Amino acid sequence: MNKILKIALNILIFAVIAGFGYYMIRSMNSDNRTRAGEQHAESTFVSPYTLVNSFEFNSDVICFDVFDDEIYAVLTDRISVSSGFDYPGGTFADVRDFMINNDGMYLLFPTKIELYNFAKQRESEWNACSDNADYVAMTTSKNYIFVTDAANKNIVQYDRKGNLVRFIKSPEGFIIPSHTFDIININDTIYVSNSGRHQIESYTLDGEFISSFGKSGSQAGAFAGCCNPVFLVATSGENILTSEKGNPRISSYGKDGKFRSILFDATMLGGGTNAYRMKVSDDHIYIANKKTVSVYGRNILECASATGNSCKNSCSGCPNRK
């Protein structure tokens, strides 16, 4: 009897080991097929944009903006212009966001905002309204400046003189695991990334919540990871471009939240896991990667193929247009 039990036990152990080995081999083959499929998908991706120019700066670009067809890049010790002119002096290593308009150059620090004129003279400065503020991003309207605060998980609204107007909170609650809290203005509607919820929310200039869109997932039209999207930018056609980290990519959405297309995949952007800063000017998309800001224009033929539109001098169906 004992001999029969031993034989049965040995058979059972062998079956378990064989089954585990079969499972491991099957899993490895499945992973290989998945990776091969992903690589094939990446290799067949065709962007509707093509590289038209690039500018290299002396050190990594912390943040940047485009004004009058010039790239203004914030470096650790200066603001450098693509034409070769520098605004020397200053300590900008902790600058969180940078914006240029006819008022001058706005620099956002974790606990303050500084405004410089184009002669590099500081016009004004105002400190955060909260002791533990951790400012991330900013945008402006005609009469207001809006700043996101990751520590207090709200939007801080100032008038153009730096006076506090109000704090804006999400009715769903902002979840901001890291500094992924961008904000933009499209025709006096404020859009902000609620990255921990994988959503983009919209507000009126009076701070009233309008709506939200976005969903979790790795597929096109969804946001993956702990906190995406990271960066937002508005196009001339009033669409929203999103930049994601983890598997970096840049996608296009209508201001109504409808997904349009992926514009840049990780391979085209340069790889890594960080989100890429971007700006839009006219029909060009500017993307920062370490010391370089690359300029992309619409690839009209590829755009026509992707959208089914005929293209001559323009492409109304392209992602950067309505």
Side-chain angles (χ1 to χ4, degrees), residues 45-52 61 63-67 71 97-100 136-140 146 148 180-187 189-195 198-202 211-215 217-225 227-270 272 274-289 293-299 302-303 306-307 315-322:
F45 173 79
V46 177
S47 173
Y49 285 84
T50 186
L51 180 68
V52 296
V61 176
C63 48
F64 75 99
D65 203 356
V66 180
F67 185 74
I71 302 170
D97 201 4
F98 178 61
M99 182 176 58
I100 303 178
V136 176
M138 62 181 167
T139 192
T140 62
F146 297 84
T148 57
T180 51
F181 202 7
D182 209 0
I183 187 168
I184 57 174
N185 177 15
I186 300 179
N187 196 24
T189 297
I190 302 302
Y191 293 83
V192 62
S193 172
N194 193 346
S195 58
H198 299 128
Q199 291 184 338
I200 296 172
E201 299 181 357
S202 57
S211 63
S212 65
F213 69 88
K215 59 184 179 181
S218 60
Q219 70 273 25
F223 303 118
C227 33
N228 272 313
V230 177
F231 299 119
L232 308 176
V233 72
T235 74
S236 56
E238 297 187 355
N239 296 316
I240 301 171
L241 304 190
T242 63
S243 180
E244 300 173 54
K245 67 178 184 177
N247 178 26
R249 62 185 178 184
I250 293 175
S251 302
S252 173
Y253 294 82
K255 63 181 180 180
D256 58 357
K258 183 178 179 180
F259 173 70
R260 295 167 67 88
S261 64
I262 295 176
L263 305 185
F264 300 86
D265 67 354
T267 301
M268 190 172 181
L269 288 170
N274 293 328
Y276 288 76
R277 286 188 179 269
M278 57 184 177
K279 296 290 180 179
V280 169
S281 180
D282 296 327
D283 286 332
H284 292 94
I285 298 177
Y286 296 71
I287 300 174
N289 183 5
V293 176
S294 299
V295 186
Y296 293 87
R298 292 180 296 119
N299 186 335
E302 293 297 349
C303 186
T307 60
C315 184
S316 60
C318 288
N320 206 26
R321 298 289 186 89
K322 286 184 179 180

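The analysis underlying the following values was restricted to heavy atoms, covering all of them including side chains, and did not include hydrogens, waters or symmetry mates. Computed from a predicted model, the values in this text were never measured in an experiment.
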Determine whether Ile200 and Pro229 make a side-chain contact, defined as any pair of heavy atoms from C-beta on separated by less than 4.5 Å.
-> yes
Who pairs with Ser211 by side-chain contact (heavy atoms from CB on, under 4.5 Å), at least two apart in sequence or on another chain?
-> Ser202
What's the spacing between Met99 CE and Phe67 CZ if we round to 0.5 Å?
-> 11.5 Å
Euclidean distance, Phe45 CZ relative to Ile262 CD1, rounded to 0.5 Å = 6.0 Å
Applying salt bridge (Lys or Arg N to Asp or Glu O under 4.0 Å), name anything that partners Lys245, two or more places apart in sequence or on another chain.
-> none
Would you say Phe264 and Arg249 make side-chain contact, with heavy atoms under 4.5 Å?
-> no
What is the distance from atom CZ of Phe259 to atom NZ of Lys215, rounded to the nearest 0.5 Å?
-> 9.5 Å
Can you tell me how far the CE atom of Met138 sits from the CG atom of Asp182, to the nearest 0.5 Å?
-> 10.5 Å
Check side-chain hydrogen bond (donor to acceptor under 3.5 Å, both in side chains) between Ser195 and all other residues, then give those that pass, not counting sequence neighbours.
-> Thr180
So, the side chain of Ser261 versus the backbone of Leu263: is there a donor-acceptor pair under 3.5 Å, distance only?
-> no
Quick check: does any side chain N or O of Ser243 sit under 3.5 Å from a backbone N or O of Val230, one acting as donor and the other as acceptor?
-> no
Name all residues meeting the side-chain hydrogen bond (donor to acceptor under 3.5 Å, both in side chains) criterion together with Ser218; count only those two or more places apart in sequence or in a different chain, and write none if there are none.
-> none
Measure from the side-chain N and O atoms of Asn185 to the backbone N and O of Thr140, and report whether any donor-acceptor pair falls under 3.5 Å.
-> yes
Evaluate the ring planes of Tyr253 and Phe223, with Trp represented by its six-membered ring, and classify them as parallel (under 30°), tilted (30 to 60°) or perpendicular (over 60°).
-> tilted
Under 3.5 Å: donor-acceptor pair, side chain of Asn239, backbone of Ser252 = no
Answer yes or no: is there a side-chain heavy-atom contact under 4.5 Å between Ile190 and Ile183?
-> yes
Pairwise side-chain contact, Val52 with His284, heavy-atom cut-off 4.5 Å (strictly under) = yes
Phe231 side chain reached by Thr242 side chain, heavy atoms, under 4.5 Å | no
Applying side-chain contact (heavy atoms from CB on, under 4.5 Å), name anything that partners Lys258, two or more places apart in sequence or on another chain.
-> Asp256
Using a strict cut-off of less than 4.0 Å between a Lys/Arg side-chain nitrogen and an Asp/Glu carboxylate oxygen, indicate whether Arg298 and Asp283 qualify as a salt bridge.
-> yes
Does a side-chain heavy-atom distance below 4.5 Å link Ser294 with Tyr286?
-> no
Which residues satisfy the side-chain hydrogen bond (donor to acceptor under 3.5 Å, both in side chains) test with Glu201, sequence neighbours excluded?
-> Ser170, Asn194, Tyr203
Contact check, side chains of Ile287 and Ile250, non-hydrogen atoms, under 4.5 Å = yes
Measure the spacing between CG of Leu232 and CG of Leu241 and express it to the nearest 0.5 Å.
-> 9.5 Å
